[in-house]
Protein chains: 2
Amino acid sequence: MEEPRKRARPGRTPAPTGRTSRPRQAEVARLAGVSQATVSLVLGARKQGATISEETRRKVLDAVRSLGYVPDPAASRLAAARNNLLGVFSFTSTFPTDVQHSYYPFLVGVEQEAAARGYDLVLFTGSSTGGAGAAGPHALNRVRLADGCLFLGRHAPADELLRLVADGFPVVHLGRRDELEGLAWVGADYVSASKEVVTHLAGLGHRRIVLVREDDEAAASTDREHGFLKGLEEAGLPGGPAAVFRSADPEHDLTAERLRGWLDDGVTAFVAEETDTGDAWRALHGAAHFVGIDCPNDASLALLGSPPPDLSDGPTPTGFDIPRPQLGAAAVRMLAALVAGEQATEPLVACGFRPGTTAGTPPARL
Amino acid sequence: MEEPRKRARPGRTPAPTGRTSRPRQAEVARLAGVSQATVSLVLGARKQGATISEETRRKVLDAVRSLGYVPDPAASRLAAARNNLLGVFSFTSTFPTDVQHSYYPFLVGVEQEAAARGYDLVLFTGSSTGGAGAAGPHALNRVRLADGCLFLGRHAPADELLRLVADGFPVVHLGRRDELEGLAWVGADYVSASKEVVTHLAGLGHRRIVLVREDDEAAASTDREHGFLKGLEEAGLPGGPAAVFRSADPEHDLTAERLRGWLDDGVTAFVAEETDTGDAWRALHGAAHFVGIDCPNDASLALLGSPPPDLSDGPTPTGFDIPRPQLGAAAVRMLAALVAGEQATEPLVACGFRPGTTAGTPPARL
DNA sequence: CCGGATCGTTAATGCGTATTAGTAATGCGC
DNA sequence: GCGCATTACTAATACGCATTAACGATCCGG
């Protein structure tokens with residue numbers, strides 16, 4: 001019987017024995033007189049299964065302290081088959097020089113929630129070639145190094161995004177995105193929030209309310225209009241096209257005449273949507289000021305969102321706040337669920353009602 | 001001869017085959033019809049030794065693209081290789097709710113420079129138990145997953161920081177930190193910048209200049225004083241204790257009388273340091289206003305840094321700007337050098353001189 | 001006093017990648 | 001046609017830790 005000749009042992013050369021490297025579990029085990037597995041069990045504080053005697057535990061912990069052992073996170077993560085890393089991808093720089101367009105408020109929540117769940121964050125910037133070297137058309141692939149990835153802004157190419165989803169890679173988009181089949185997202189509940197503002201106005205006694213919105217098909221705009229109309233309907237107030245003023249250039253189209261016309265028609269409250277530019281609110285605000293309206297005594301104003309920075313020092317508008325940190329946190333929650341193989345969580349986050357000072361009871365009828 | 005009975009095979013249960021996991025090198029190898037080792041060689045772009053035919057290389061790269069393969073960072077690290085990840089550790093949250101204390105300006109530069117060098121960033125937040133489960137006293141240890149780590153703020157425990165350094169892990173601290181032997185850091189060159197401000201004032205004709213500083217031993221304060229005195233010396237102006245007004249509570253101690261006294265003594269220019277609170281500048285500003293000084297006609301003022309937010313709408317103070325984004329970029333450059341096994345780069349970053357409008361020629365002598 | 005249950009520990013294995021010794025195939029000179 | 005060098009690739013490790021089947025010891029009830 002011929003024994004197959006044992007091949008020599010290839011592989012890496014053993015580390016130079018001279019160097020004092022940091023201690024391993026094996027050395028802790030040797031010092032404590034137990035096996036490496038026992039050390040791992042003691043340190044792991046695992047859920048169940050293994051039981052360790054108090055004496056052994058003490059010996060191991062003593063050895064750990066005396067050697068100054070610290071676990072190697074790379075090995076832990078490899079063995080545990082999870083990196084505990086969540087990606088955050090933004091096509092433009094995550095930290096733009098122009099702070100105006102920054103994702104900062106979202107990141108506040110993202111970081112908190114991720115930390116609370118034991119995840120670290122990996123930042124990917126779309127514009128750069130980045131880490132793994134996978135540049136060009138497959139730049140999105142880099143994110144696969146994480147356990148899942150959050151996408152900020154709508155600049156990530158749809159096909160690549162869907163490819164990730166199709167491959168079963170956990171992905172969550174921050175901001176409503178239901179045009180992409182299968183893509184999980186979280187977004188603010190503009191419908192409910194807008195409805196709540198109308199309900200509030202109706203509760204103050206307003207019977208004719210007009211919405212000023214820009215000419216835009218974005219979900220953020222149409223959602224607000226839906227909520228607005230829904231609020232009118234539930235309050236039994238007149239809806240229909242007359243209740244919505246839609247203009248591509250509200251600052252120009254929302255004239256003093258038009259405003260006076262509405263007032264003469266019995267309109268007592270006006271609602272503007274929030275947009276990037278804040279034009280709707282600015283136009284409404286400007287026209288009201290020009291006509292000499294004493295707000296909220298002559299008429300009430302409300303804003304479906306936050307005022308633009310240049311108007312932020314005026315009176316606080318009645319309306320709602322977009323809960324950006326909460327949106328970030330919700331996105332992380334959903335992503336964590338997907339990573340764990342669970343169902344996506346609730347995508348809509350409620351906006352907080354902001355009482356403000358621009359809405360009051362309607363003026364007494366003449 | 002009794003063959004020792006072969007033990008059954010313990011170990012982990014194989015992963016549930018159903019889940020589509022991220023592709024491994026083994027799968028790439030299978031698809032390309034080569035061995036896993038070949039895949040590693042192709043992707044590694046190693047120094048020398050192995051030669052790979054162009055055809056094989058192409059097959060492997062095709063398979064990589066088609067599967068969307070990305071190397072596992074933990075496995076790379078464990079196998080003693082790079083993973084192109086740089087850590088960013090802040091003991092407090094990286095994105096605090098209070099934007100005032102944020103590291104944002106630094107991160108702008110950090111992100112840019114890291115992207116330019118092909119690194120992705122991993123955010124480690126110290127306050128949480130975080131990633132690998134290394135809680136409590138070993139929270140810092142998580143950063144070993146990356147190739148190196150940047151530390152923000154001075155809250156990271158010194159012993160753990162030094163432990164990382166001692167173990168040869170590349171670490172850079174953002175902010176001067178020479179009290180910790182062996183720790184690499186980058187910081188702003190307050191000495192040169194402060195000197196430059198004095199030189200500017202001297203060039204305008206000022207012969208007696210006073211520095212107002214808080215009672216603080218921080219490097220940021222003492223550096224400014226050094227630079228200030230150095231500037232006086234080089235300009236041949238009187239230095240010494242009389243040129244520096246030091247107070248724990250400048251707003252209270254910097255009285256109108258004191259200011260008038262200085263003016264009577266021929267002092268024509270005043271310099272304040274920047275601190276967290278901005279108290280020195282606020283006190284100087286306030287006293288000058290109270291005394292009725294017409295700045296810069298009656299006297300010149302300068303600020304060694306940026307004004308506090310509440311005074312940011314006043315006239316732009318003559319002084320210098322702390323180049324936070326550049327500091328972040330410089331820190332990344334140094335970290336990249338350390339990761340590559342090179343010497344640390346220059347730790348000091350120059351501050352930009354800010355002309356401002358609060359300094360002019362001294363008033364004509366009576 | 002024997003079969004079974006419980007407890008404490010260990011041997012063996014896997015996680016995914018990098019490295020290196022070895023090998024088969026080919027080219028080269030004489 | 002025979003060594004020897006070169007090329008192209010693969011097998012077999014190692015990295016450090018987590019997991020789990022198996023095993024010895026002790027305890028227990030009948």
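A, B, ... follow the sequence lines: proteins, then strands. Residue 1 opens every chain.
- In this structure, the CG atom of A:Leu43 is 7 Å from the P atom of D:dA18, given to the nearest Å.
- Here D:dA8 presents its C1' atom at 11 Å from NZ of B:Lys59, a figure rounded to the nearest Å.
- Rounded to a whole Å, the CG atom of A:Leu78 is 13 Å from the C1' atom of C:dA18.
- For B:Arg58 and B:Asp62, the salt-bridge test passes: some basic side-chain N is under 4.0 Å from an acidic carboxylate O.
- Among the nucleotides C:dT17, C:dT20, D:dG16, the one closest to the side chain of A:Ala75 is D:dG16.
- Listed for the B:His173 side chain is no donor-acceptor partner under 3.5 Å among the backbone atoms of B:Asp178.
- Within 6.0 Å of atom CD in A:Glu342, more than 12 heavy atoms from other residues, nucleotides or ligands are found, so the atom counts as buried in its surroundings.
- For the pair A:Leu41 CG and D:dC17 P, the interatomic distance rounds to 14 Å; values are reported in whole Å.
- Near-neighbour residues of DNA chain D inside residues 25-37 of chain A, defined by a heavy atom below 4.0 Å, number-ordered: A:Gln25, A:Gln36, A:Ala37.
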Subject >> Check against salt bridge (charged side-chain N to carboxylate O under 4.0 Å, His left out), A:Asp167 and B:Arg22 >> reply: CA-CA 8 Å; A:Asp167 285 354; B:Arg22 306 162 26 209; over 6 Å; no
Subject >> Worked verdict on A:Glu27 versus A:Arg24 for salt bridge (charged side-chain N to carboxylate O under 4.0 Å, His left out) >> reply: CA-CA 5 Å; A:Glu27 293 156 57; A:Arg24 310 295 163 196; 5.1 Å; no
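- A close approach under 4.0 Å does occur between a side-chain nitrogen or oxygen of B:Thr38 and OP1 or OP2 of D:dT10.
- The pair A:Arg142-B:Asp120 counts as a salt bridge, with a side-chain nitrogen and a carboxylate oxygen less than 4.0 angstrom apart.
- If you measure from atom CG of B:Asp72 to atom C1' of C:dA18, you get 13 Å, rounded to the nearest angstrom.
- Distance B:Glu55 CD to D:dT7 P: 18 Å, rounded to the nearest Å.
- When rounded to the nearest whole Å, the span between CZ of B:Arg24 and P of C:dC15 equals 9 Å.
- A:Asn83 has its CG atom 14 Å from the C1' atom of D:dC17, to the nearest Å.
- For B:Gln343, the CD atom sits in a loose shell: 12 or fewer heavy atoms of surrounding residues, nucleotides or ligands are nearer than 6.0 Å.
- Interatomic distance, B:Trp185 CH2 to B:Leu327 CG, rounded to the nearest 0.5 Å: 10.5 Å.
- Looking at A:Arg144, its side chain never comes within 3.5 Å of a backbone N or O of B:Pro23 through a donor-acceptor pair.
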Under 3.5 Å, which N/O atoms of the protein pair with N/O atoms of nucleotides 5-8 of chain C?
residue, atom, partner, partner atom, Å
C:dG8, OP2, A:Thr51, OG1, 2.9

